[in-house]
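The structure appears right after this line, and notes come after that.
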Amino acid sequence: MNLKQLWTGLITNLSFILFLFGLIAFVVAASLINFIVGWVVAGIALIVLAYVIS
């Protein structure tokens with residue numbers, strides 16, 4: 001196990017960790033956006049419903 005192999009392994013692991021981190025960040029952001037959009041749509045639906053009832 002020389003230094004070059006160690007360095008290559010480290011870079012490979014780092015890129016893999018960064019990839020995983022990006023994936024997790026993407027999933028979290030998508031869920032957050034879905035959550036916010038869901039609340040906005042629910043709010044609009046409630047307003048429309050209140051308008052229709054009145």
Side-chain angles (χ1 to χ4, degrees):
M1 185 77 175
N2 60 9
L3 198 66
K4 191 174 183 288
Q5 278 177 321
L6 185 75
W7 190 240
T8 309
L10 197 70
I11 287 172
T12 308
N13 278 343
L14 198 68
S15 61
F16 181 68
I17 289 165
L18 279 175
F19 170 73
L20 269 181
F21 185 73
L23 208 67
I24 291 166
F26 177 76
V27 169
V28 168
S31 327
L32 219 72
I33 289 167
N34 272 340
F35 184 71
I36 291 165
V37 167
W39 270 105
V40 168
V41 168
I44 291 169
L46 276 175
I47 291 167
V48 169
L49 198 68
Y51 181 73
V52 166
I53 289 170
S54 69

Could you list the cluster mates of [X]? Members are the ILVMFWY residues connected by side-chain heavy atoms closer than 4.5 Å, either directly or through other members.
X	answer
Ile24	Val28
Leu18	none
Leu46	none
Val27	none

Atom CZ in Phe16, atom CG in Asn13: separation rounded to 0.5 Å?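 With rounding to 0.5 Å, CZ (Phe16) is 8.5 Å from CG (Asn13).
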Counterpart residues, side chain to side chain contact (heavy atoms under 4.5 Å, CB included), relative to [X] (two or more places apart):
X	answer
Leu14	none
Trp7	Leu10, Ile11
Val41	Val37

Scan the side chains in residues 47-54 for donor-acceptor partners under 3.5 Å anywhere in the protein, sequence neighbours excluded, and list what turns up.
residue	atom	partner	partner atom	Å
Ser54	OG	Ala50	O	3.1
Ser54	OG	Tyr51	O	3.0

